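Note on naming: letters A, B, ... go to the chains in the order of the sequence lines (proteins, then strands), and numbering restarts at 1 for each one. All of these numbers come straight from a predicted model, not from anything done at the bench.
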Amino acid sequence: MDVSHIFDRLNESQRQAVASPPGPLLVLAGAGSGKTRVLTYRVAWLVQALQMSPLSVLAVTFTNKAAQEMRGRIEEILGYSIGGMWIGTFHGIAHRLLRTHWREAGLKQEFQILDSDDQLRLIRRALKQLNMDDGYWPPKQVQWFINGHKEEGRRPQHIAETNDRQQDDLLRVYRTYEELCQRFGLVDFAELLLRAFELMKQNEVLRDLYQQRFHYVLVDEFQDTNSIQYEWLKLLASTHQNIFVVGDDDQSIYAWRGARIENIFQFEKDFKDTQIIRLEQNYRSTETILSAANAVIGNNRGRLGKNLWTEHDKGDPIRMYAAFNEVDEARFVVDRIQSWVDCGHARKDAAILYRSNAQSRVFEEILLDVGMPYRVYGGLRFFERAEIKDALAYLRLITSRQDDPSFERAVNMPPRGIGNKTMDLVRERARVNQIAYWDATLALIHGHELPSRSVQALTRFVELINSLDEQVQGLALAEQVDVMLCGSGLIAHYRKEKGEKAEMRVENLEELVTAARHFAHDPEDEVGTLPTFLTHAALEAGDAQAQRWEDCVQLMSLHSAKGLEFPLVFLTGLEEGLFPHQRSLQEAGRLEEERRLCYVGMTRAMRQLYLSYAEVRRLHGRESYTRPSRFLAELPSKLVEEIRDGFVMRPHGPAPDEKPESANGLRLGDRVHHSTFGEGVVLHVEGRGEYTRVQVNFADKGSKWLVLAYANLQIL
DNA sequence: GGGTTAACCTTTTTT
DNA sequence: AGGTTAACCC
């Protein structure tokens, strides 16, 4: 078969990687070097040149988005659908294995997935059961402990008892938590991976089956794998040794959640005769942007080492803006985007990036002010919203009465007179008799230890769920959801509540019906549509705004920007303590991860890159003075142009004969004295030369605009 | 048991 | 600042 169309669009190293002979291969792919392209063409090459069946290929990614995109691009190259090929996230594939082999994995057939919110809830319950104070034992910390161990493959029995009282207590919670999960058929994210790994490890038949089936294993973003994921990959690929991993040690930004950058170093030791190919030609950014990014990342030690180059022009200098405060920063950014749009560019080509999601608010406010459409990625996802989780709890309870967490959630939402007191009794009964809340409730209804009001309320609830179950039988998914929303009183509850928030909730609930309507499900599947939908909700939390396809400015955290590119990028909040983040300054190794994050951010930019920081920032309701991020000092000054209130200043750094004040003698935030108005602070500087005007906020007289040449201000 | 208010706490990134 | 929980009154 003629495969020249595959090679035509690749450079030499890309070609080498795509057409490399079977065997272990590590592709070190710098930012913008065509990583995804290599991966997709490799699959196309396997299928077309080597005539491999798509069924024998396994491709693993980290995000659902990446998986979808890869599938789409492969199908585009091949020209036909490859529905049978396994492409998915580690979690998605692990889930698929566990669904198929639930019995062998020791799970209930209808096991449910816990998202981290649910997990936290269950941890609280375990703490309570152990009579441990959740003030002294913050559930978050316990969660951290449990997930940390699971990600390293450690069950409670693998962790040695120590003399450390605290450690032992945490271990007890871990154990109890596991018992609860097992009893209710619940599986958290880390458990999906660990369970799937153990299944392969311990079950020889299944191991053989999948080792034989997957002749080729491909992995995207390999630098982000954690211990379990890597062990699982090794297990799967051990027979054929055809493992093709693509990664970039400089873009490893998930060590905090267990990713082990070492895996990338370990790879060539674990797989004999590993071929290593470097992709160093960058097709994305201007030379200026690339040199700056290279300079920053060059401050990290322990890199595999690689130097990106490009054939592109130098392009514009990188622009740096020192804002007075975070509002000023946002105004500046939005203003620049406005000019960009005025030049005929698309809004969606501009991205505002930040270290933490909380920073998005100021930008949103200003964007809203000027009426510029935008889209925020990340933050609260659709299926994580409280009202959606309430609705899902009803659906879960309809499918399984034994689902205690869902029972707890639904029982008094909307309020129906079943408060803490009653629930305490239910919980107690369930614990003593080792039964589900549902059964405990039935027992209490028939017993005589409850006040009749509670019995009535509980009875009504039980009848409600049973009746919903009946009504829903035989209906299409969307109708099931609709019936549940009305029958449960959820929608009515939010309808009668006033305020914008309540309206949003009603809209979201209605959106859930739409989501159910569009949910495609294979009718051949032995698992019902509703359970599959519920799983989908947990595994793919859904984007916050599944909005219409409008031309929007893109707002997102640096983490979620990985893998994307934009012609115009604003990297904001470059302040010590914010970026690099405070918490990364305490632990060793974390600072390098922050620097990689900075590198990731900078290399998202194709043509123009703006960096900004605020000299005063209001965070958590407190205003504080900041210091510019150390990363700014790591930029070669000749590549950077500083902007202050609309006009360009000399680049930073050694400017031999020039004093920094030379532009107009005043800096924002300077304290000045005026002969009649007294003392004040400089808020704005506008214009240049003799026309320079400044806005000064005087302690006694408020803010005034003054012409600098006549004002005769003294800097204090 | 429910609803309101007051204190309080937490603020990184995600499957 | 924002949201969540605890305390309080109805």
Distance check needed: [N] [atom2] versus [X] [atom1], whole Å only.
X	N	atom1	atom2	result
K562(A)	dT15(B)	NZ	P	11 Å
K140(A)	dT11(B)	NZ	P	5 Å
R596(A)	dT13(B)	CZ	P	18 Å
H559(A)	dT15(B)	NE2	P	11 Å
Q359(A)	dG2(C)	CD	P	16 Å
Q119(A)	dT14(B)	CD	P	17 Å
R195(A)	dT15(B)	CZ	C1'	18 Å
D117(A)	dT4(C)	CG	P	10 Å

Handout entry: Y254(A) ring over dT13(B) six-membered base ring, under 5.5 Å and 30°
Key = no
Practice task
Could you say whether the aromatic ring of H581(A) and the base of dT12(B) stack, counting only centre distances under 5.5 Å and plane angles under 30°?
Solution key: yes
Practice task
Provide the distance between the two P atoms, one in dA6(C) and one in dT11(B), to the nearest whole Å.
Solution key: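 These two P atoms come out 16 Å apart once rounded.
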Problem - Rounded distance in Å between the P positions of dT13(B) and dT4(C) - result: 16 Å
Problem - Between Q229(A) and E231(A): side-chain donor-acceptor atoms closer than 3.5 Å - result: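 No, no side-chain donor-acceptor pair sits under 3.5 Å.
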Exercise for the section: Compute whether any side-chain donor of one residue and acceptor of the other, for N226(A) and E151(A), lie under 3.5 angstrom apart. Expected result: no
Practice task
Quick one: sort the Y394(A) and F461(A) rings into parallel, tilted or perpendicular, breaks at 30° and 60°.
Solution key: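 Ring orientation, 0 to 90° scale: perpendicular.
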Which residues share a side-chain contact (heavy atoms from CB on, under 4.5 Å) with [X], sequence neighbours left out:
X	answer
A561(A)	L353(A), M556(A), R604(A)
S624(A)	none
S612(A)	Y321(A), E329(A), T572(A)

Counting only side-chain nitrogens and oxygens, does [X] get under 4.0 Å of the OP1 or OP2 atom of [N]?
X	N	answer
S560(A)	dT14(B)	yes
N357(A)	dT12(B)	no
R361(A)	dG2(C)	yes
S557(A)	dT14(B)	yes

Filtered N/O pairs between nucleotides 1-6 of chain B and protein, under 3.5 Å:
unit_1: dG1(B); atom_1: OP1; unit_2: T422(A); atom_2: N; d: 3.3
unit_1: dG1(B); atom_1: OP1; unit_2: T422(A); atom_2: OG1; d: 2.3
unit_1: dG1(B); atom_1: OP2; unit_2: K421(A); atom_2: N; d: 3.4
unit_1: dG2(B); atom_1: OP1; unit_2: G417(A); atom_2: N; d: 2.4

Handout entry: Closest-nucleotide ordering on DNA chain B, the 5'-leading residue of E594(A) and G92(A)
Key =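 Going by which nucleotide is closer to the 5' end, it is E594(A).
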Practice task
Could you pull out all residues at least two apart from R257(A) that satisfy salt bridge (Lys or Arg N to Asp or Glu O under 4.0 Å)?
Solution key: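 Not a single residue meets the salt bridge (Lys or Arg N to Asp or Glu O under 4.0 Å) criterion with R257(A).
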Exercise for the section: Identify whether any heavy atom of F90(A) sits under 4.0 Å from a base atom; if not, whether one sits that close to sugar-phosphate; answer base, sugar-phosphate or nothing. Expected result: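 Answer is nothing: F90(A) stays at 4.0 Å or more from every strand.
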Exercise for the section: Mind checking H91(A) for me? I need base, sugar-phosphate or nothing, with any heavy atom below 4.0 Å counting as a touch. Expected result: base
Fill in the blank from the handout: Quick note, F189(A) side chain, CB onward, closest among dT13(B), dT15(B), dA1(C) is dT15(B)
Exercise for the section: Could you work out which one of dT12(B), dT15(B), dT14(B) sits closest to the side chain of R257(A)? Expected result: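 Among dT12(B), dT15(B), dT14(B), the one nearest the side chain of R257(A) is dT14(B).
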Problem - ring pair (Phe, Tyr, Trp, His ring centres under 6.0 Å): pairs with one or both residues in residues 218-237 of chain A, sequence neighbours excluded - result: F222(A)-Y230(A), F222(A)-F267(A)
